[in-house]
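A quick write-up on the structure given underneath.
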Amino acid sequence: MKRHLFSFILLLAVSSAAAAEATVQSPDGRVRLTVSDQGGQLCYSVSLDGSQVLLPSRLGLKTDFADLSRQLTITGSSTGETSGQGNARQTKSWGYTYRYNTLTVDVANSQQQRLTVEFCVGNTDVAFRYELPRPKGDNPKCAVITEELSAFSLPDATTTFLCPQIGPKTGWEETKPSYEEEYSPDAPMAQRSRYGLGYTFPCLFHLPAADSRGQEAWVLVSETGVTSQYCASHLSDYTAGRGYQIAFPHPGENKGQGSAQPAIELPGKTPWRTITLGTTLAPIVETTVAYDLVKPLYQPSEDYRGGRYTWSWIVWQDNSINYDDQVRFIDTAAALNMEYCLVDGCWDQTIGYERMAQLASYARAKGVRLLLWYNSNGHWNNAPQTPRGRMNTAPARAEEMAWMKSIGVAGIKVDFFGGDKQQTMQLYEDILTDANRYGLQVIFHGCTLPRGWEQMYPNFVASEAVLASENVYFTDHHARREPFELTMHPFCRNAVATMDWGGVFLNKRMSKDNSSRHPRYTTDAFEVATAVMNQTYIQCIAVQPNNLLPEEQLQLPLDYLKRLPWQWRDTRYVDGYPGRYAVVARRAVPGLRDTRGNVVDAQGRWYVAGLNGTDQPMTLTLSLPDMKPRQQAELFGDKPGKTNKKGKKATAADSADIFTSYDAQLTTVTADKRGQLRVTMQARGGFVISY
């Protein structure tokens, strides 16, 4: 990061009580950040195109040796710039460039104890973090951060799209919090969170136009750069006049073990707080701020590869974790040219280590590699699944990972973590670091939001940290909510990090026999489109062996799934509204090959995914990236809607069998003379356009 010093101007210097102020603008001049020490409180505000999107909001820290939140005076500042190229293959945009203007503000309290705040301001993103220097006299050399005053104050009419933070030792076998609660769309800021504990990152806000001449705005708040050197944070409930404040983990997390307050070495820095803003949702969907400001913590031990995986447990559940059923899912993966097969919990008991080596050998012969499930525990919850006690200590991890490497396992999925304390962040980092030594990729479930980890840990694949597809299996309620959830996440959860949602479903009903239990309420085209919409480096394709049978008539979606990419060089927002519908374009990495060496996409084509989260058909006129007038494209989408017995178009009020019986079709479409395409999605339907 380059800096140049400039003389700091004190405004109204004739008064000893006058406020000092510093500003920095984005490279394009549209975003302006202002920092002030008015009244002894350090505050910042952010404007976009001259309109404030963040009102004056508090900054500051309280530590065990100094209160750096009041009686503060700005003592100096400097500006500069930072730029670079994103190079993490696991992200939604690989090979992009970024540029930020920077502002570093030095402050001191009345005891002359010092604090530095570092800001980065890009064309659509703002980020800041604190640096605590070592005090004069060289002590203390470490500090506990007892409170962070960082706040986010938004205009009064702002509405929210938030997921509540839940308390510790809740949920099944006391495994929560795990970022698996339900979002509430278009809610007022004053509405208290469901559990009274605030909201998990990321947090999306909608600012209406201030007047008839004004323009609406969107703001996404999150954090990045969390390592073992700090805890993960969230937002408090809203307080009038203050807004939302950074909140540390609940003391009861991790079974009450470890401190909820982070400790750092001095000099030391906090993670980045990030703010993405725009007059449309495009900056929200396209943001890369989570990766721009962090660096790799180690080099990859091998050339890690993305791809797709099958997963028996998501529909066949616990009884499928046996040798013969896993062979069937390996065969399914091989039939669809998939790279991986995930073997879920308790395999050590139902298959055993010796036969697992045989299974891994069988998979390799089919061109498939195994991913193995592990329990993170430990002592932080009561989840009983095994292998247990193999990931929470260094000796056990080393033994287990050496064995996995010896039989050719490609990666692990580690589940059931204890919360957001610094102690738990240390465990994530230890697992990732040790796994890299043995050439293993890592997926986390029952876990926290990844915060820049795709860039920081090269063998990190994705985290769940979302109310994921297993809930579609568990209850009819969540099956009905799937369209809403998957039209929310492009604008919030999946906007800031890879997301292991857990499966493209083609079963019509949530059962092994595909004829009992509750139905799936989405069309086949909706499900296929999620393989593009839900961004992750190893995509779960939850195809069941029965889906390959001719009588299920799924050859078209199966063939189409075979040729969908999973690694992207660019991501663009096209259209949408959180929880209603989403259209996102992703451009494949040219020359992308699967683990068998087959070319998945030679030219780097655009794949545009659309999802309808409503119960009614939806017709859209779309302006797509790089689409030329009269250009042809391939459309995988819904056939026209079926009719009910009364001759009217079927809706959600009709029987589930009618509602879910929409078939997919593959057609050629042509853009109009303006380069636009008109596309219809059926109720809870979707599409993929490629060109």
Side-chain angles (χ1 to χ4, degrees), residues 161-185 187 193-204 222 232-235 247 249-250 252-255 311 313-314 317 344-345 373 375-377 380-385 413-421 424 428 443-451 453 461-503 505 510 530 534-536 540 542 578-579:
F161 300 77
L162 303 176
C163 180
Q165 179 82 8
I166 196 171
K169 297 186 286 186
T170 55
W172 180 79
E173 296 289 5
E174 299 184 345
T175 54
K176 292 188 177 185
S178 51
Y179 287 61
E180 297 180 13
E181 307 313 306
E182 295 190 48
Y183 278 81
S184 297
S193 63
R194 182 175 179 181
Y195 307 104
L197 296 173
Y199 302 96
T200 62
F201 284 133
C203 298
L204 180 63
S222 192
S233 304
H234 60 279
L235 287 190
H250 190 287
E253 292 180 18
N254 211 61
K255 208 76 169 179
W311 184 22
W313 182 87
I314 190 62
Q317 294 286 290
D344 215 86
W373 186 98
N375 195 325
S376 74
N377 277 291
W380 34 88
N381 57 57
N382 298 318
Q385 287 89 343
K413 171 182 166 182
V414 188
D415 210 337
F416 303 132
F417 286 83
D420 281 342
K421 289 180 177 179
T424 312
Y428 285 116
I443 299 170
F444 292 123
H445 268 224
C447 58
T448 194
L449 175 78
R451 293 156 163 90
W453 294 356
V461 173
S463 291
E464 182 183 34
V466 70
L467 191 65
S469 63
E470 62 189 24
N471 295 282
V472 175
Y473 173 85
F474 289 149
T475 70
D476 182 76
H477 167 76
H478 289 299
R480 292 179 183 273
R481 291 268 297 183
E482 182 186 3
F484 164 79
E485 295 286 348
L486 290 186
T487 52
M488 273 293 304
H489 299 316
F491 309 108
C492 49
R493 164 64 182 88
N494 210 188
V496 299
T498 56
M499 179 181 76
D500 190 44
W501 160 260
F505 288 118
M510 295 295 101
T530 66
N534 296 340
Q535 187 271 318
T536 182
C540 179

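- Take Phe417 and apply the ring pair (Phe, Tyr, Trp, His ring centres under 6.0 Å) test, not counting sequence neighbours, and it matches Tyr428, Phe444.
- When the side chain to side chain donor-acceptor pair (under 3.5 Å) test is applied to Lys176, the partners found at least two apart in sequence or on another chain are Glu181.
- Not a single donor-acceptor pair under 3.5 Å links the side chain of Ser469 to the backbone N or O of Val472.
- For the pair His234 and Tyr199, the tightest heavy-atom approach, listed with the atom from each and the gap, is CB-O, 3.0 Å.
- Heavy atoms only, all atoms of each residue included: Ala542 and Gly502 are closest at CB-O, 4.5 Å.
- With 3.5 Å as the limit, one finds no donor-acceptor pair spanning the side chains of Asn381 and Thr175.
- Taking the side chain as every heavy atom from C-beta outward, Lys255 and Asn382 approach each other to under 4.5 Å.
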Check against side-chain contact (heavy atoms from CB on, under 4.5 Å), Leu486 and Asn534
CA-CA 8 Å; Leu486 290 186; Asn534 296 340; 3.7 Å; yes

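- Residue Glu253 comes nearest to Pro249 through the heavy atom pair OE1-CB, 3.5 Å, listed as atom of the first residue, atom of the second, then distance.
- Nearest heavy atom pair, residue Leu235 against residue Ala247, reads C-CB, 4.3 Å.
- For the pair Asp344/Lys413, a side-chain contact is recorded, criterion being any heavy-atom separation below 4.5 Å from C-beta on.
- Closest heavy-atom contact between Leu467 and Glu180: CD1-O, 2.9 Å.
- Across Gly418 and Trp380, no two heavy atoms sit closer than the pair N-CD1, 3.7 Å.
- Every residue meeting the ring pair (Phe, Tyr, Trp, His ring centres under 6.0 Å) condition with Phe416, not counting sequence neighbours, appears here in chain and number order: Trp172, Trp373.
- For the atom pair OG (Ser178) and CG (Asp420), the distance works out to 10.5 Å, reported to the nearest 0.5 Å.
- For the atom pair CG (Leu204) and OH (Tyr183), the distance works out to 8.5 Å, reported to the nearest 0.5 Å.
- Residues Gln165 and Pro177 meet the side-chain proximity criterion, which asks for heavy atoms closer than 4.5 Å.
- Between Leu162 and Ser193 there is no side-chain heavy-atom pair separated by less than 4.5 Å.
- Contacts of Glu182 classified as side chain to side chain donor-acceptor pair (under 3.5 Å), with partners at least two apart in sequence or in another chain: His477, Arg481.
- Looking at Thr530 and Trp501, their side chains never come closer than 4.5 Å, going by heavy atoms from C-beta outward.
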For residues 489-498, which side-chain N or O atoms pair as donor and acceptor with protein atoms under 3.5 Å away, sequence neighbours left out?
from	atom 1	to	atom 2	distance (Å)
His489	NE2	Glu485	O	3.4
His489	NE2	Glu485	OE1	3.4
Arg493	NE	Glu464	O	3.4
Arg493	NE	Ala465	O	3.0
Arg493	NH1	Ala497	O	3.2
Arg493	NH1	Thr498	O	3.2
Arg493	NH2	Ser463	O	2.9
Arg493	NH2	Glu464	O	3.0
Arg493	NH2	Thr498	O	2.9
Asn494	OD1	Gln535	N	2.7
Asn494	ND2	Ala497	O	2.9
Asn494	ND2	Gln535	O	3.2
Thr498	OG1	Glu454	OE2	3.2
Thr498	OG1	Val461	O	3.1

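- If you take SG on Cys163 and OH on Tyr179, they are separated by 9.0 Å, rounding to the nearest 0.5 Å.
- Between Cys540 and Ile314, the closest side-chain pair of non-hydrogen atoms is not below 4.5 Å.
- When the ring pair (Phe, Tyr, Trp, His ring centres under 6.0 Å) test is applied to Trp311, the partners found at least two apart in sequence or on another chain are Trp313.
- Between the CG atom in Asp415 and the CD1 atom in Ile443 there is a gap of 11.0 Å [rounded to 0.5 Å].
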